[in-house]
Amino acid sequence: MDKLIIHGPSKLQGEVQVSRSKNAYLPIIAACLLSDRPVHLFNLPELRDIKTIIQLLQKMGAVISYEGLRTTIDCSKISSYEATYELVKTMRASILVLGPLLGRFKKGHVSLPGGCAIGARPIDIHLKNFEKMGAIINLDSGYVDAKTNGLKGCKLVLSFPSVGATENLMMGAVLAEGETIIENCALEPEIDDLAHFLNKMGAKISGIGTSIIKIIGVKNLKEVEYQAIGDRIEAATYLIAGLITKSLITIRGINPSFLDAVCVCLQEMGAKFKFGDDFIQILEVSHLRAIQVDTSPFPGFPTDVQAQLLTLATQVNGTSIITENIFENRFMHVPELNRLGAKIELKGNSAIVQGPTVLKSAPIMCTDLRASAALVLAALAAEGATEVFRIYHLERGYEKLEQKLRKLGAIIDRASGPAI
Ligand code: EPZ
C-alpha cells in the first residue's frame with residue numbers, strides 16, 4: 001500500500017485547477033440508467049468512486065466508451081437490476097441507482113449500504129418516500145428489494161434535507177406518472193446540477209435551487225451532452241491549503257457562490273479574497289484568528305470541509321470551537337492531528353482547538369476521505385517529513401492531488417509502505 005511523504009513546512013504559489021465535482025457526477029451517472037439513449041459526459045474526474053459507479057452500471061449491462069475527455073454511457077441494453085454488496089460496500093452512493101431502476105424498470109435489488117466510517121447513515125428517508133410513490137419495498141438478506149407497478153407522483157415531505165434522498169427521489173420521479181413535489185429537499189449545488197442535467201435530457205423539473213422541487217413525469221428522455229460543476233469541496237480544500245501555508249494561491253474552476261459559507265468563515269478569521277466568475281484568489285493570509293462554526297446543510301458550512309477547517313484552526317490565534325451536526329463520527333482526524341502536536345479536545349459533537357501550535361512530523365493514518373485531506377493539510381504545515389498512510393481514501397475524491405500540490409510547490413514523494 002502506498003504512502004505519501006510530505007516535506008513541510010511548505011510554501012505554495014501559483015494556481016490550481018479543481019476537477020469536476022465527484023458528488024455531482026455520481027448521481028448524474030446513476031441517472032443515465034433512466035434513459036435508453038446515450039449520454040455523453042465531459043471531464044469525469046479520475047477517481048475511485050467514479051470508477052465504482054461506472055462498474056456498477058457496466059454490471060447491469062451499460063456500455064461505456066471513452067473518446068478524449070468524453071465518456072459515453074449507453075444504458076439501452078440493461079439486463080440486470082442489481083447492485084451487489086461487493087460494490088455497494090465500497091461506496092454508499094451506489095444506493096443512488098435505486099430511483100432510476102424503479103423509475104425505468106419498475107424494480108431494483110440493491111444492497112443495503114450499512115454503516116460507514118463517518119456514521120450510521122441510514123437510508124430510511126429514501127425508502128419511506130419511494131413507498132409513498134407506490135414502491136413495495138422488502139429488506140431481505142441485506143438487500144433492498146423494491147418493485148412497483150409504476151411510480152406515481154405525489155407530495156413528499158422529507159424529514160431531513162438529505163442530499164442522497166433528494167437526488168434518488170428526484171430521479172425516480174422523472175419517469176413517474178403525474179406530478180411529484182419534494183418538500184424540504186436539500187439545496188446543495190450538486191442537486192441543482194443533477195436537475196439541470198435531467199432537464200437537458202428532457203425531464204420537467206422546476207423549483208431548482210429552492211426547497212420545493214416539482215417534477216412532472218415524462219415518457220422518454222433524449223441523447224444529451226453534459227459537464228458537471230466544479231468540485232466545491234476540492235476548491236475549499238485548496239483554499240485552506242493556501243491559508244495554512246500562508247501562500248497567496250488562486251483556485252480556478254469553481255463558482256465562488258458555492259463556497260459562500262466557507263469564505264465568510266475564512267474572512268471572519270481574517271483571510272481576504274478576490275472573487276472572479278470561476279476563481280478565488282487569496283489576498284491576505286497573515287494574523288488569522290480563531291472561529292466558532294457549526295456544520296449544517298447547504299447553504300450552511302459544509303460537513304465535508306469541517307476536517308480541513310479544524311486543521312487550519314490549529315494554526316491560528318485563539319480557541320476555535322467547531323461543531324459537527326451532520327455525521328456522528330466525523331472527528332477521526334483529531335487523534336492523528338494531536339499526534340502531530342495539535343491541541344484539540346473533543347466534547348460531544350464539538351472540537352475545541354487551541355491555536356496556534358507548532359506541528360511536527362509523525363506517521364499519520366487516513367481514515368476517511370475528508371479526514372485524509374485534513375491530514376495532508378496538516379502535513380503541509382508541519383515541520384519535517386510526515387508520512388501519510390492509507391492514502392487510498394484520498395484517491396476516492398481528490399483527482400491528481402499529488403500532482404496538483406507539487407505544481408503549487410509542495411514537496412511530496414510517494415513510496416510503498418507497510419500494509420497497515
Ligand atoms: C452526501 O452524502 C455526500 N455524498 C457526502 O459527501 C456529504 O457529506 C453529505 O451529502 C452531506 O453534505 C455524495 O454526494 C455522494 P445525506 P449523503 O443523505 O447523501 C442522515 C464526501 O466526503 N440521513 O444528506 O449520504 C444521514 O445519516 C461525502 O464526499 C438519514 O438519517 O448525505 C446524515 O446524518 C461523504 N436518513 C444526514 O442525514 C436517510 O435516509 C445527511 O445525509 C438519509 C440521510
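Counting starts at 1 for both ligands and their atoms, in listed order.
Summary of contacts: the protein heavy atom closest to atom 11 (C) of ligand 1 is Thr303 CG2, 3.8 Å. Among all protein heavy atoms, the one lying closest to atom 36 (N) of ligand 1 is Asp124 OD1, 2.7 Å.
Between Asn23 and ligand 1, at least one N/O pair is under 3.5 Å apart. For ligand 1, the polar-atom distance check against Pro122 finds a nitrogen or oxygen pair separated by under 3.5 Å. For ligand 1, the polar-atom distance check against Val163 finds a nitrogen or oxygen pair separated by under 3.5 Å. Close N/O approach between Arg370 and ligand 1 is found [any backbone or side-chain N/O within under 3.5 Å]. On a distance-only criterion, Ile326 and ligand 1 share at least one N/O pair closer than 3.5 Å. Residue Arg330 has at least one nitrogen or oxygen atom sitting less than 3.5 Å from a nitrogen or oxygen atom of ligand 1, judged on distance alone. Checked against a 3.5 angstrom limit, the closest N/O atoms of Glu328 and ligand 1 fall outside it.
Short contacts between ligand 1 and Ile123, defined as distances under 4.0 Å to a heavy atom of the residue, involve ligand atoms 39 (C), 40 (O). The Gly164 neighbourhood of ligand 1 comprises atoms 18 (O), 19 (O), with distances under 4.0 Å to a heavy atom of that residue. Taking every non-hydrogen atom of Phe160 and a distance limit under 4.0 Å, the qualifying atoms of ligand 1 come out as 37 (C), 38 (O), 41 (C). Short contacts between ligand 1 and Lys22, defined as distances under 4.0 Å to a heavy atom of the residue, involve ligand atoms 29 (O). The ligand atoms of ligand 1 that sit less than 4.0 angstrom from a heavy atom of Ile125 are 30 (C), 36 (N), 39 (C), 40 (O).
Checked against the 6.0 Å centroid criterion, the rings of Tyr81 and His109 do not qualify as a close aromatic pair.
Using 4.0 Å as the threshold, His126 has a heavy atom nearer than that to some atom of ligand 1.
Exactly one residue among Lys22, Arg232, Arg20 makes a salt bridge (charged side-chain N to carboxylate O under 4.0 Å, His left out) with Glu190. That residue is Arg232.
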Tabulate below the donor-acceptor pairs under 3.5 Å that side-chain atoms of residues 55-75 make, not counting sequence neighbours, or state none.
unit_1 : atom_1 : unit_2 : atom_2 : d
Thr72  : OG1    : His40  : ND1    : 2.8
Asp74  : OD1    : Ser76  : N      : 2.8
Asp74  : OD1    : Ser76  : OG     : 2.7

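Checked by atom type and distance alone, the side chain of Ser35 never pairs as donor or acceptor with a backbone atom of Cys32 at under 3.5 Å. Panel note: side chain Lys404, backbone Gln17; a donor-acceptor pair is recorded below 3.5 Å. The backbone N or O of Glu324 lies less than 3.5 Å from a partner atom in the side chain of Asn349, making a donor-acceptor pair.
Counting only heavy atoms from C-beta outward, the side chains of Thr311 and Ile240 never approach each other to under 4.5 Å.
For Tyr392 and Asp2, the side-chain atoms include no donor-acceptor pair closer than 3.5 Å.
Using a 4.0 Å threshold on non-hydrogen atoms, atom 20 (C) of ligand 1 does not count as touching the protein.
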